[in-house]
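For reference, the structure discussed in these notes is given below.
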Amino acid sequence: MAGALTLERLQAGLEATRFTAVPATRKVYAERGNAVWEEVIGREFLQENVGSYIDTYRNVTVSSMVKLTVPFFVSAADLAWWGQLAWKGSVTPTGPTNATVYTYTFTPDPTTDTLKFATFEGYSDTQSYKFAGSFVDQLQITWAGGQSVRGTATILAQQAVASNVTPSIGDRPTGSVLNGINVLAGTTAKVYIDNGGGTIGATQALNVLSGQITWANNGTQVTHLIGNLFPDEVQRLARHAALDLDIHYSTDTERATLLADTER
């Protein structure tokens, strides 16, 4: 059994210890009307013989978890934050260069799970909630001409706890695209396609119309039998990334490369 509710406002903080709630430190600007949280409740309806044609008289709540879906408009500053949750945790930026620009390098960890967990806080005029132990299971970025770059984070959280949220968190500043704050336009995205074993980022593809890249962290929530209905751990299998490109068919290069099974 599940029910989905729109998150009218959202803010979050990175957890020092996974599944231990922390106060929010920043507002998370999600797309209006499309950010939702879903409370997934498992119930067993008991098939008891009570001498009646009524199917069930009792049920038992056996599990509980939360799923958040957060679509957002992408800026460089947003990716520096979401990257801690989706790509690699505890990344320290280098810089600044040009007085204000910092560089975050997210080198994947092949053997160590360093991803950050977060406590999200959602609030509205009806009720406020905290969602501790939030794990970004999937991050997707989409770009195309004529619109902004879009992102969607699919998040697994421990539970929804009715609670007051952290007050007095200021709005994030707006400013020049040069300092990473403004949302990116799809036409600014560049795609480079190079042969396997070569230098990545050497050959720009000039006929890309749109694209989508998805990082899947392949997490499974684990509920140990310690007296709680909600999960207390996340175990991950192998992660993967998928890339989809819409290419103007002005050259046959990529089709021929595909048929030849050439690594790119």
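Bear in mind the structure is a predicted one, so any value in this text is a computation, not a measurement. Just the heavy atoms: all of them, side chains too, but no hydrogens, waters or symmetry mates, feed the values below.
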Any idea which heavy atoms bring [X] and [Y] closest together, and the distance?
| X | Y | value |
| --- | --- | --- |
| Val222 | Gln235 | CG2-CG, 3.9 Å |
| Ile41 | Ser64 | CD1-OG, 3.5 Å |
| Ile155 | Val70 | CD1-CG2, 4.0 Å |
| Leu115 | Ala86 | CD2-C, 3.6 Å |
| Phe135 | Gly219 | CE2-CA, 3.7 Å |
| Gln127 | Ser163 | NE2-N, 4.3 Å |

Exercise. Could you give the distance from CE (Met65) to CD (Gln159), rounded to the nearest 0.5 Å?
Worked result: 11.5 Å
For this session: Hey, could you give me the CZ/CG distance between Arg236 and Asp137, rounded to the nearest 0.5 Å?
Result: 9.5 Å
For this session: May I ask whether Phe72 and Tyr123 are part of the same hydrophobic cluster, defined by side-chain heavy atoms of I, L, V, M, F, W, Y residues being less than 4.5 angstrom apart, directly or through others?
Result: no
For this session: Look at the side-chain heavy atoms of Ile, Leu, Val, Met, Phe, Trp and Tyr, link any pair under 4.5 Å apart, and say whether Phe230 and Tyr129 land in one connected group.
Result: no
Can you find a side-chain donor-acceptor pair between [X] and [Y] that sits under 3.5 Å?
| X | Y | answer |
| --- | --- | --- |
| Ser128 | Asn164 | no |
| Thr262 | Arg264 | no |
| Thr56 | Gln47 | no |
| Tyr57 | Ser52 | yes |
| Thr253 | Thr251 | yes |
| Gln140 | Thr152 | no |
| Arg150 | Thr142 | no |

Problem set entry | Ring centroid separation Trp37 to Phe120 under 6.0 Å | no
Compare all side-chain heavy atoms of [X] with those of [Y] and state whether any distance is below 4.5 angstrom.
| X | Y | answer |
| --- | --- | --- |
| Lys88 | Asp113 | no |
| Asp109 | Thr114 | yes |
| Ile213 | Trp143 | yes |
| Asn195 | Glu263 | no |
| Thr223 | Pro231 | yes |

Exercise. Does Glu121 come within less than 4.0 Å of Lys130, counting only side-chain N to carboxylate O?
Worked result: yes
For this session: May I ask you to decide whether Glu48 forms a salt bridge with Arg58, counting only side-chain N to carboxylate O separations under 4.0 Å?
Result: yes
Exercise. Hey, is CG on Leu225 packed in by over 12 heavy atoms from elsewhere, all under 6.0 Å?
Worked result: no
Exercise. Do other residues, nucleotides or ligands put more than 12 heavy atoms under 6.0 Å from the CD1 atom of Ile200?
Worked result: no
Show which side-chain atoms of residues 23-31 pair as donor or acceptor with protein atoms under 3.5 Å away, not counting sequence neighbours.
unit_1, atom_1, unit_2, atom_2, d
Arg26, NH2, Asp78, OD1, 3.4
Lys27, NZ, Asp171, OD1, 2.8
Tyr29, OH, Asp171, OD1, 3.1
Tyr29, OH, Arg172, N, 3.0
Glu31, OE2, Asn34, ND2, 3.1

